[in-house]
Amino acid sequence: MPFHRLDSSILPPERFTFPFSYEPHPLCVKAAEEVARHLSSMTLTEGKMFGVLVVNDPDGKLGFLAAYSGLLEGRNDWPWFVPPVFDAQQPEGYFKHEEAVISMLNDEIKSLEQSEEYHNLVEAVEVLKEKARTEISAFRLQMSEAKKRRDDIRSSQSSQSSQSSQNLIRESQFMKATLHRMKLKFADEIAQKEQQLKEFLNTVAQKKTERRQRSDALQRWLFTQYSMLNAYGERRNLIDIFADVVHRLPPAGSGDCCAPKLLQYAYSNNMKPRCMAEFWWGMEPNNELRRHKHFYPACQGKCHPILTHMLRGLNVDDNPLEKYHVAEPEIVYEDEWLIVVNKPHGVLSVPGRGNTISMTDVMKDKYGNVMPIHRLDMATSGLLMFAKGTESLRAFSRLFEQRMIRKRYIAVLSRPLLSAKGRISLPLSADRDERPRQKVDYENGKEAITDYELVSDNDGHPIVALYPHTGRTHQLRVHCAHVLGLDSPIMGDELYGKRGKLLSLHSESIEFDHPFTGKHTLINAKMPKIE
């Protein structure tokens with residue numbers, strides 16, 4: 001039975017968890033500890049995201065449900081955990097049948113592309129082309145030598161007989177005709193082999209088209225089988241949910257994350273959701289930053305559209321990231337071309353989704369035609385530059401592009417460092433399913449370089465200065481947190497470490513040679529104290 005009693009004197013919260021930014025409720029922490037005890041008795045070979053949902057059952061008894069994301073050790077039928085929203089793993093089901101057909105097509109395509117017939121055809125075409133090039137080139141050389149000989153004959157004889165002249169002309173015409181026949185012969189032979197190769201490749205292309213069509217149709221069919229409930233009892237499948245919210249098909253694996261599975265089971269069994277949390281258990285994945293027993297927010301790419309629907313009818317906490325506002329911007333530098341503001345934590349640099357006021361909105365309202373030259377993460381505080389007019393924007397943007405603006409960030413880290421100074425070079429790319437998260441990606445990632453130096457030990461939570469040479473999204477946060485970087489997440493970083501009151505990352509100084517005055521300019525803003 002997936003429902004597990006939770007004996008506790010702790011009262012459930014009045015409002016349900018906002019799943020994309022939260023501090024785990026004590027009941028969720030207690031439930032997660034129960035899940036951890038259960039997992040300790042299992043033999044697991046992979047790291048996995050697990051979730052807990054504290055509920056009241058139909059009789060009002062307090063308990064929790066537990067779930068894992070996707071498959072666990074290749075299975076989705078583990079007892080003690082809630083079942084999937086839709087079980088696509090049934091051996092005799094439609095999904096497995098079509099999956100087998102697609103797998104068979106994969107094998108056929110692979111077999112054809114690796115077949116001796118295919119390689120022989122490709123080789124035969126290349127051999128014929130090379131033979132044609134060689135023999136035609138050799139014959140052209142003969143023609144050139146024959147022409148030279150004929151020219152010598154003509155020049156050495158002051159008067160030639162009509163018959164001799166005709167013989168030389170006929171020789172020239174014969175050799176040209178021979179070259180023409182040679183070209184036609186090789187072109188015909190090559191065309192025949194290329195036609196055979198084309199017919200072979202058409203067979204492969206037809207199978208690839210069938211595979212794609214079957215795969216697309218199966219994915220769409222699968223998404224229609226996920227009929228997601230909300231607290232009002234309304235049902236919507238994934239195709240409809242994503243079409244309305246992001247105007248595209250759902251990513252693969254949508255509906256199989258912890259949060260949708262937990263809420264679906266609770267709604268289907270007349271249970272009342274009270275609070276929820278997700279945590280990672282086991283080995284860290286190769287690219288993503290996930291740490292054992294750390295709590296994490298629900299993913300954005302797959303879960304945000306689904307949970308937007310599923311949370312309807314629940315009294316949900318406000319988004320804590322939207323509580324910050326700026327009444328009066330703190331200006332730390334201003335001249336004829338530039339304004340630099342000290343952006344607080346939790347404020348967007350530029351307008352985003354929803355109605356959240358950004359720093360750009362505030363600056364435009366106060367100063368009119370000003371434009372942001374660069375950006376800071378919403379959770380990062382510090383110096384943000386605004387240009388007065390397009391000429392200034394172009395000039396300062398060019399400095400950024402040429403890496404002629406030097407920036408210094410201050411961060412408080414969660415663990416001591418092994419080295420007091422150094423350079424981190426880890427390529428980064430966006431995690432498409434969990435934006436805005438970034439991951440280390442040696443295959444497709446963009447170069448990201450950061451220098452660092454220790455400022456203070458700070459009782460086990462070192463304060464470091466960070467000097468980015470590139471400006472990738474979340475570069476400093478990933479470089480600090482990743483095991484191949486500093487292996488010490490920034491304090492308060494809920495995406496790559498542990499959630500805290502605020503992210504302890506601040507853009508402290510900006511240094512450049514002014515593009516209009518030529519004056520060396522250094523602008524500073526001290527890091528605010530985080531209680």
Side-chain angles (χ1 to χ4, degrees), residues 1-4 19 31-32 34-35 38-39 42 44-55 57 63-100 102-103 215 217-231 233-242 249-271 273 276-282 285 296 298-311 433-434:
M1 175 67 179
F3 177 78
H4 310 285
E34 292 295 323
V35 176
H38 181 78
L39 294 174
M42 300 173 65
L44 301 179
T45 61
E46 59 178 336
K48 181 65 65 174
M49 191 71 76
F50 290 84
V52 291
L53 175 65
V54 176
V55 296
D57 74 0
F64 71 91
L65 307 172
Y68 46 84
S69 178
L71 301 177
L72 181 61
E73 302 293 326
R75 291 171 48 187
N76 67 0
D77 59 349
W78 290 91
W80 208 83
F81 296 96
V82 301
V85 176
F86 174 74
D87 187 3
Q89 302 300 312
Q90 291 297 319
E92 304 302 322
Y94 175 77
F95 183 84
K96 280 298 180 183
H97 174 269
E98 283 298 300
E99 192 178 51
I102 294 169
S103 179
S215 181
L218 181 60
Q219 192 72 281
R220 291 187 70 90
W221 174 86
L222 179 63
F223 290 144
T224 63
Q225 306 307 301
Y226 284 75
S227 181
M228 314 305 293
L229 283 162
N230 62 26
E234 300 167 336
R235 286 185 177 272
R236 301 194 74 195
N237 68 47
L238 296 184
I239 296 286
D240 292 339
I241 289 173
F242 276 80
L249 287 175
S254 294
D256 291 323
C257 295
C258 298
K261 290 166 74 171
L262 290 166
L263 288 169
Q264 186 80 357
Y265 188 87
Y267 293 145
S268 300
N269 291 275
N270 298 315
M271 297 178 180
M276 182 168 60
E278 298 182 43
F279 65 96
W280 184 264
W281 178 273
Y296 291 94
C299 69
Q300 293 281 338
K302 296 177 185 178
C303 287
H304 192 277
I306 299 172
L307 295 183
T308 298
H309 161 71
M310 298 191 80
L311 294 176
D433 291 336
E434 297 200 36

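For clarity, every value in this text was computed on a predicted model and none was experimentally measured. This chain uses plain numbering: 1 for the first residue, then up along the sequence. These values consider heavy atoms only, across backbone and side chains, with no hydrogens, waters or symmetry-generated copies.
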Measure the shortest side-chain to side-chain distance between [X] and [Y] over non-hydrogen atoms and say whether it is less than 4.5 angstrom.
{"X": "Phe223", "Y": "Asn237", "answer": "no"}
{"X": "Val35", "Y": "Trp281", "answer": "no"}
{"X": "Asp256", "Y": "Tyr226", "answer": "yes"}
{"X": "Glu98", "Y": "Trp221", "answer": "no"}
{"X": "Lys48", "Y": "Leu39", "answer": "no"}
{"X": "Tyr68", "Y": "Asn76", "answer": "yes"}

Enter the distance from [X]:[atom1] to [Y]:[atom2] here, rounded to the nearest 0.5 Å.
{"X": "Leu311", "Y": "Asn230", "atom1": "CG", "atom2": "CG", "result": "9.0 Å"}
{"X": "Gln225", "Y": "Ile239", "atom1": "CD", "atom2": "CD1", "result": "10.5 Å"}
{"X": "His309", "Y": "Phe242", "atom1": "NE2", "atom2": "CZ", "result": "12.0 Å"}
{"X": "Met228", "Y": "Phe86", "atom1": "CE", "atom2": "CZ", "result": "12.5 Å"}
{"X": "Phe64", "Y": "Met271", "atom1": "CZ", "atom2": "CE", "result": "12.0 Å"}
{"X": "Thr308", "Y": "Ile241", "atom1": "OG1", "atom2": "CD1", "result": "9.0 Å"}

What's the shortest heavy-atom distance between [X] and [Y], and which atoms?
{"X": "Tyr265", "Y": "Pro83", "result": "CD1-CD, 3.5 Å"}
{"X": "Ala252", "Y": "Gln219", "result": "CB-NE2, 3.9 Å"}
{"X": "Ala88", "Y": "Lys96", "result": "O-CG, 3.7 Å"}
{"X": "Arg235", "Y": "Ser227", "result": "NH1-O, 3.1 Å"}
{"X": "Ile306", "Y": "Gly255", "result": "CD1-N, 3.5 Å"}
{"X": "Cys299", "Y": "Cys257", "result": "SG-SG, 4.0 Å"}

*Mind running ring-ring contact (aromatic ring centres under 6.0 Å, His included) on Phe50 and Trp80 for me, showing each step along the way?*
CA-CA 13 Å; Phe50 290 84; Trp80 208 83; 9.6 Å; no
Report task. Show your working on side chain to side chain contact (heavy atoms under 4.5 Å, CB included) between Val52 and Glu34 and close with a plain yes or no. Result -> CA-CA 10 Å; Val52 291; Glu34 292 295 323; over 6 Å; no
Residues at least two apart in sequence or cross-chain that pass salt bridge (charged side-chain N to carboxylate O under 4.0 Å, His left out) with Glu46, listed by chain then number, are none
message = According to salt bridge (charged side-chain N to carboxylate O under 4.0 Å, His left out), who are the partners of Asp77, at least two apart in sequence or on a separate chain?
response =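 Result, salt bridge (charged side-chain N to carboxylate O under 4.0 Å, His left out) vs Asp77: Arg75.
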* Between Lys261 and Phe81, is a side chain to side chain contact (heavy atoms under 4.5 Å, CB included) present by the stated rule, with each step listed? -> CA-CA 10 Å; Lys261 290 166 74 171; Phe81 296 96; over 6 Å; no
Just by distance, do the side chain of Glu73 and the backbone of Leu44 share a donor-acceptor pair under 3.5 Å?
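Side chain of Glu73 to backbone of Leu44: no pair is present.
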Note to self: Check whether His4 reaches the backbone of Pro2 with its side chain - one donor and one acceptor, N or O, closer than 3.5 Å.
What the structure shows: yes
List the steps, then state whether side chain to side chain contact (heavy atoms under 4.5 Å, CB included) holds for Leu65 with Phe3. CA-CA 5 Å; Leu65 307 172; Phe3 177 78; 4.2 Å; yes
- From CA spacing to verdict: side chain to side chain contact (heavy atoms under 4.5 Å, CB included), Leu262, Val55: CA-CA 10 Å; Leu262 290 166; Val55 296; over 6 Å; no
